[in-house]
Colleague: 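Once you've had a glance at the structure underneath, I'll fire off some questions.
All chains are named by letter (A, B, ...) in the order of the sequence lines, taking the proteins before the strands, and each is independently numbered beginning at 1.
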Amino acid sequence: MAPLLEVEHLKKYFRAGGDRQLHAVDDISFTLEAGKTLGVVGESGCGKTTLGRTIVHLIEPTEGTIRFEGEDISNPSKKDLRRLRENMQIIFQDPYSSLDPRMSVSQSIMEPLLLQGKLSKAECREETLKLMKVVGLAEDYENAYPHELDGGRRQRIVVARALALKPKFIVCDEPVSALDVSIQAQILNLMLDLQEERNIAYLFVTHDLSVVKYISDDIMVMYMGHMVEKAPSGLLFENPMHPYTQALLSAIPVPSIHNRKKRIIMQGEITSPINPKPGCRFAARCRYAAPDCAQAQQLEEVERGHFVSCCRCHEIKKAQAYQTN
Amino acid sequence: MGEKILDITGLKVEYHTDGAIIYAVNGVNLSLYKGETLGLVGETGAGKTTIARSIMRILQTPPAKLCGGSINYKGQEILDLSEKEMRRIRGNKIAMIFQDPMTALNPIEKVGFQIAETIAVHNKITKAEAEKRACDMLEMVGIPMERYGEYPHQFSGGMKQRVVIAMALACNPELLLADEPTTALDVTIQAQVLEMIQNLKEKLGTSVILITHDLGVVASCCDSVAVIYGGQVVEYGNLEHIFDHPTHPYTIGLFNSLPKLDSGETRLKPIKGLMPNMKELRPGCHFCERCNDARECCKTLSPETVEISPGHIVKCHFAKKEVESWPHSLKSNI
């Protein structure tokens with residue numbers, strides 16, 4: 001059986017004035033099985049949000065193919081797109097701006113059901129109340145407006161709205177970043193419960209690495225539009241191979257005072273993705289950069305399911321192993 | 001421990017808005033020693049920023065209203081100072097790093113000038129000398145001084161935050177209030193900024209109050225921690241007290257809400273419910289509605305602060321008992 005979602009050589013370039021092109025997403029390929037979660041991590045500006053939006057066609061891809069349940073959806077007609085959207089939904093980062101302030105909670109959740117036109121108004125309302133229960137919103141809030149609710153409850157409305165059409169795939173663009181930790185845990189648990197119940201696949205975009213480890217089956221690390229490493233969640237944290245992944249993981253502040261690790265402090269910041277040179281885009285900040293890094297990098301499967309795009313990763317790993325011994 | 005430089009007792013701040021009073025800070029006691037870094041941890045609306053703003057005396061009044069308590073800075077009562085006296089301290093002896101570097105800088109002034117201005121206001125020096133020192137500050141935070149004449153929009157987020165830090169440190173303050181200095185930044189840039197604050201602290205001997213909601217940040221750079229909930233300090237102690245022996249149910253809940261990197265857990269244990277509405281002052285413990293161990297007395301009686309071991313203070317009716325009876329499930333999770 002074909003996987004739920006297949007993305008091949010997906011590219012999204014934005015025009016940046018004149019003949020300058022901003023390479024937001026550059027040659028990304030992956031597959032996602034039903035009911036699984038792919039986490040996408042990277043710094044701001046690395047293209048992770050653009051990737052999510054391109055897949056659900058909020059932005060049209062420049063090049064590449066997207067297949068959903070085996071069907072090519074790279075260039076859907078308007079009619080096809082409507083049908084597709086029943087199966088693909090998106091949850092945005094900011095529950096404060098992704099809800100219409102003039103629509104009540106039930107109106108927001110009901111809108112996709114009404115637009116779909118399969119249910120009568122009474123049935124829609126019934127369904128809405130069911131959805132509110134599923135996401136843990138009390139019925140009393142049916143007629144409340146977003147401004148009356150706090151961030152956690154608003155994000156629950158957004159989740160309910162995304163679930164309304166029973167999608168098979170949801171792009172979650174930093175769904176918990178705007179929330180406090182205690183509320184964040186509530187929403188993450190809700191999303192995992194829903195995944196189990198309804199076999200939904202998530203593309204989970206975030207910059208929070210501890211969240212991504214908790215929720216994902218596979219993790220993809222992006223740097224300036226490129227996929228630099230992809231591996232099953234546990235493997236990536238146990239055995240990060242790309243120097244960028246290593247630095248990124250070492251930078252996470254760990255809430256423990258016993259296993260303090262040495263932080264790798266990267267010099268500089270993400271550089272401009274406008275008309276980038278071929279070769280490794282991380283080279284400018286990389287401690288291990290060598291002349292070879294100016295060549296285009298190949299994605300190599302270093303162990304089962306673990307892909308790395310760095311020509312020196314074996315050398316680096318050996319050197320690091322030598323250092324620790 | 002060195003000299004005590006800041007002593008806050010019984011601080012109370014309210015916000016008076018249309019027809020409603022929000023009780024933001026309800027009797028906070030804190031003290032800070034020279035060279036120490038104190039972490040203030042808590043959720044949005046817990047009152048962390050209000051505490052910092054009270055120390056700087058930059059609360060907007062109205063709507064804010066200081067209703068009591070004292071803030072003693074090196075023997076001086078800050079709340080009694082005149083605005084003129086306060087201006088001599090603010091930005092000079094006590095400086096603040098604001099949360100959002102995008103809005104903390106003036107978009108129409110050169111970044112170098114914004115640093116030099118602080119220096120010129122507090123020191124009797126010429127313009128050229130102030131500029132020279134501003135350049136040094138830029139270099140210190142890792143920005144080449146050729147960029148003195150550039151505007152904030154030409155800088156990235158991480159660099160803007162470094163400019164804000166340079167501005168705060170320009171007069172070698174004795175007390176630095178850092179209000180979520182890295183929340184708006186990526187982890188890699190956060191690591192750079194935290195490393196820098198740490199280095200500067202060691203070099204200049206500054207005391208720091210670091211406001212954050214990230215326990216990871218606290219673990220990596222604080223000496224002591226105050227956990228704030230509902231405008232009160234619910235637990236206070238050194239790093240070891242808080243991270244190895246968290247005792248208040250809220251502190252334990254916070255740790256359990258965090259996804260951990262080194263365990264294969266499948267479900268988080270969030271704190272149930274939401275932050276209480278601070279529009280009414282409840283008689284009992286502010287956390288009781290969300291607490292799994294709440295009993296009758298929690299609803300009616302405000303808990304006393306108990307010192308369960310030297311320097312480790314907990315505001316909970318059952319703090320003493322918890323220490324004895326909590327090495328079970330909750331603790332093993334931490």
Colleague: So which atom in V187(B) and which in L209(A) form the shortest heavy-atom distance, rounded to 0.1 Å?
Modeller: CG2-CD1, 4.1 Å
Colleague: Can you see which heavy atom on S182(A) is nearest to which on P270(B), and at what distance?
Modeller: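 Nearest heavy atoms, S182(A) then P270(B): O-CB, 3.7 Å.
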Colleague: Got more than 12 heavy atoms from elsewhere within 6.0 Å of CD, E197(A)?
Modeller: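 Correct, the count exceeds 12.
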Colleague: Between E195(B), K272(B), E240(B), R290(B), which has the largest tally of heavy atom pairs under 4.5 Å with chain A?
Modeller: E195(B)
Colleague: If I compare all heavy atoms of P259(B) with all of Y214(A), which pair ends up nearest, and what's the gap?
Modeller: CB-CB, 3.7 Å
Colleague: Hey, does the side chain of Q186(A) reach the backbone of I271(B) with a donor-acceptor pair shorter than 3.5 angstrom?
Modeller: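 Between the backbone of I271(B) and the side chain of Q186(A) there is a qualifying donor-acceptor contact (under 3.5 Å).
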Colleague: Is it the side chain or the backbone of I215(A) that comes within 4.5 Å of chain B heavy atoms, both, or neither?
Modeller: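 Answer is neither: I215(A) stays 4.5 Å or more from chain B.
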Colleague: Verify the neighbour count for atom NZ of K36(A): are there more than 12 heavy atoms of other residues, nucleotides or ligands below 6.0 Å?
Modeller: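 Not buried by this count: 12 neighbours or fewer within 6.0 Å.
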Colleague: Nearest 0.5 Å, what's the CG-OG distance between L258(B) and S256(A)?
Modeller: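 Result: 11.5 Å between the selected atoms.
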Colleague: With a 4.5 angstrom heavy-atom cut-off, could you sort out which part of D193(A) is near chain B: side chain, backbone, both or neither?
Modeller: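 Contact with chain B: backbone and side chain both.
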Colleague: If you round to the nearest 0.5 Å, how far is OG of S257(B) from CG of L188(A)?
Modeller: 10.0 Å
Colleague: Let me know if Q190(B) has heavy atoms under 4.5 Å from chain A in its side chain, its backbone, both or neither.
Modeller: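 Side chain of Q190(B) only, per the 4.5 Å heavy-atom cut-off to chain A.
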Colleague: Grab the two heavy atoms, one from P253(A) and one from D214(B), that are nearest each other, plus how far apart they are.
Modeller: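 In terms of heavy atoms, the two residues are closest at CG-OD2, 4.1 Å.
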